[in-house]
Protein chains: 2
Amino acid sequence: MRIVQFERGSAAMTLAEPEAPSHTSAEPTKLGRKRDHTRDPEILQCAVDVLAEEGYDGMTIEMVAARAKAGKATLYRRWASKSELVIDAVACMKKGDTDPRKLPDTGTLRGDLVAMIKPHSIEDGEKKLKVMTGLASLLARSPELADAVNAAIVDPRAKVNRLFFERAIARGEIPADCDVDTLSMVSPSMTAYRTLILKKSVDRPFLISLIDGVILPAVGLRAPAAV
Amino acid sequence: MRIVQFERGSAAMTLAEPEAPSHTSAEPTKLGRKRDHTRDPEILQCAVDVLAEEGYDGMTIEMVAARAKAGKATLYRRWASKSELVIDAVACMKKGDTDPRKLPDTGTLRGDLVAMIKPHSIEDGEKKLKVMTGLASLLARSPELADAVNAAIVDPRAKVNRLFFERAIARGEIPADCDVDTLSMVSPSMTAYRTLILKKSVDRPFLISLIDGVILPAVGLRAPAAV
DNA sequence: CAGTTTCGGAACTGTTGAGTTTCAGAACGT
DNA sequence: ACGTTCTGAAACTCAACAGTTCCGAAACTG
């Protein structure tokens with residue numbers, strides 16, 4: 001590879017800009033076959049899949065094209081470079097179980113935390129972690145990419161935990177002076193480490209031991225005796 | 001790159017085998033200039049440096065050779081491939097502040113944990129983390145490399161923490177039923193996450209907040225009022 | 001010393017993959 | 001219908017890099 005620049009002024013919003021017709025001034029109203037933008041998300045999804053399996057350097061444009069049954073040229077018509085394709089691909093992973101609406105609200109901190117442990121969440125989280133693994137060495141060199149990764153993967157997860165802690169403080173369940181900043185990072189950090197470094201699987205028992213062995217004791221709560 | 005195999009039966013012990021003269025049977029006692037093995041560690045150190053700065057895919061043999069003021073051919077005379085060089089380089093990072101002898105023993109868990117926060121330790125840890133970042137996406141594909149990384153970086157750190165907890169249990173400072181396995185991963189995990197993903201610096205205040213905000217509360221201890 | 005093997009440096013080979021171009025055919029506007 | 005612009009597929013260019021080979025000088029053995 002060598003010095004991947006990621007320099008250009010962001011790709012990112014291929015989706016959000018639905019080809020404004022713009023009859024403002026003398027626009028000739030383009031002729032001919034139209035670009036099929038409905039396939040963009042499909043292609044980006046393929047890029048994410050390849051990225052998760054191969055990492056940034058292992059991923060080739062041809063792999064993505066082949067998986068999407070598209071031509072390499074088609075990809076280059078839509079994204080200026082591999083870097084921009086990847087940035088867009090990462091950005092489109094955003095949607096997960098972190099929509100502020102659909103979060104659990106069980107009335108206890110433990111209940112909320114445990115309610116987030118769903119097979120689908122785990123699977124989704126592991127995939128995101130795999131993508132992050134393959135991007136890890138680039139994060140330092142590309143602020144663009146780091147931002148995209150942050151917005152799509154890191155931030156949402158941290159915000160959810162933070163909300164749970166703040167609600168628990170509001171209802172007086174845990175002390176107001178506990179270190180929410182650090183505590184809300186415990187679970188994302190330790191699942192990431194377990195996946196990326198230890199290469200162990202993140203399963204329900206592990207997540208429960210995080211909650212009952214670290215997080216709850218740290219805020220002065222105890223796990224229920226019967227598990 | 002593409003399918004880096006790392007298949008060969010370990011490089012690893014270029015250092016440990018000091019070219020046994022072996023006058024056992026009919027050895028012709030090799031002629032000519034001798035290979036200068038005193039430079040091996042120096043070269044491996046250069047490899048580690050490049051690895052930390054560029055990652056596996058960004059690192060080229062020529063970079064390492066140039067930094068070590070050696071010829072590319074010399075490197076290939078000593079290591080069969082880039083992969084083997086990297087495995088050896090990682091293995092030679094082992095030595096750190098984790099020698100079982102020189103560990104602190106202050107009489108309290110907090111004392112021991114805080115005593116490990118030294119500028120040199122932090123620096124050393126960050127470099128190892130950087131190397132690991134650049135290797136992250138390969139770890140899944142190369143058991144050889146994963147083993148080397150584990151032995152040189154991950155294990156030593158986990159063992160130190162584990163020892164501190166066990167001593168604290170032995171002297172009755174913390175309950176015997178606390179989750180040592182998980183707790184001893186808290187600090188390595190969270191420093192790794194902070195470095196690799198969050199790209200924030202691991203400084204003393206952060207490490208103190210880990211100890212006083214998470215680990216100590218989780219085992220039922222309190223930080224001293226005055227910090 | 002003569003023969004052998006190392007050394008660093010430079011010139012080589014071969015492959016891989018980013019990005020481009022070409023093309024026949026499909027889908028659109030008029 | 002007819003020209004335009006899209007499409008996937010394949011053939012290209014070009015640079016980087018792993019790994020090899022060759023060189024003249026240095027260092028060792030006998």
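Every chain is numbered from 1 and lettered A, B, ... according to where its sequence line falls, protein lines coming before strand lines. All figures in this text were calculated on a predicted structure; none of them were measured in a lab. FYI, side chains are in, hydrogens and waters are out, and symmetry mates aren't considered; it's all heavy atoms of this structure.
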The reported gap from OG1 in B:Thr133 to NZ in B:Lys199 (rounded to nearest 0.5 angstrom) is 5.5 Å
Between atom CH2 in B:Trp79 and atom P in D:dA18, what is the gap in whole Å? 15 Å
Nearest whole angstrom, please: distance from the P of C:dG8 to the CZ of B:Arg67. 17 Å
Starting from C1' on D:dA16, measure out to CE on B:Met63 and report it in whole angstrom. 10 Å
Please list, for nucleotides 3-7 of chain C, all pairs of protein and nucleotide N/O atoms separated by less than 3.5 Å.
{"unit_1": "C:dT5", "atom_1": "O2", "unit_2": "B:Arg33", "atom_2": "N", "d": "3.2"}
{"unit_1": "C:dT6", "atom_1": "O4'", "unit_2": "B:Arg33", "atom_2": "O", "d": "3.3"}
{"unit_1": "C:dT6", "atom_1": "O2", "unit_2": "B:Arg33", "atom_2": "NH1", "d": "2.9"}
{"unit_1": "C:dC7", "atom_1": "OP1", "unit_2": "B:Arg78", "atom_2": "NH2", "d": "2.0"}
{"unit_1": "C:dC7", "atom_1": "OP2", "unit_2": "B:Arg77", "atom_2": "NH1", "d": "3.0"}
{"unit_1": "C:dC7", "atom_1": "O4'", "unit_2": "B:Arg33", "atom_2": "NH1", "d": "3.4"}
{"unit_1": "C:dC7", "atom_1": "O4'", "unit_2": "B:Arg33", "atom_2": "NH2", "d": "3.4"}

Expressed in angstrom and rounded to an integer, what is the separation of A:Met59 atom CE from C:dT16 atom C1'? 16 Å
What integer distance in Å separates A:Ile43:CD1 from D:dG8:C1'? 11 Å
A:Tyr56 ring centre to A:Lys82 NZ or CZ under 6.0 Å, with the angle to the axis within 45°? yes
Once rounded to the nearest 0.5 Å, what's the spacing between atom CG of A:Asp97 and atom NE2 of A:His120? 5.5 Å
Hey, could you give me the SG/CG distance between B:Cys46 and B:Leu51, rounded to the nearest 0.5 Å? 12.0 Å
Stepwise salt bridge (Lys or Arg N to Asp or Glu O under 4.0 Å) check, B:Arg141 with A:Glu54: CA-CA 9 Å; B:Arg141 277 179 276 188; A:Glu54 310 284 343; 3.8 Å; yes
Working to the nearest 0.5 Å, report the span between CZ of A:Arg194 and OG of B:Ser189. 10.0 Å
Quick one: does B:Thr191's side chain have a donor or acceptor within less than 3.5 Å of a partner on B:Pro188's backbone? yes
Inspect the contact between A:Glu53 and A:Lys127 and indicate whether a charged nitrogen and a carboxylate oxygen are less than 4.0 angstrom apart. no
Could you list, one pair per line, each protein nitrogen or oxygen that sits under 3.5 Å from a nitrogen or oxygen of nucleotides 19-21 of chain D, together with the distance?
{"unit_1": "D:dG19", "atom_1": "OP2", "unit_2": "B:Tyr76", "atom_2": "OH", "d": "3.3"}
{"unit_1": "D:dG19", "atom_1": "OP2", "unit_2": "B:Lys82", "atom_2": "N", "d": "3.0"}
{"unit_1": "D:dG19", "atom_1": "N7", "unit_2": "B:Lys72", "atom_2": "NZ", "d": "3.0"}
{"unit_1": "D:dG19", "atom_1": "O6", "unit_2": "B:Lys72", "atom_2": "NZ", "d": "2.5"}

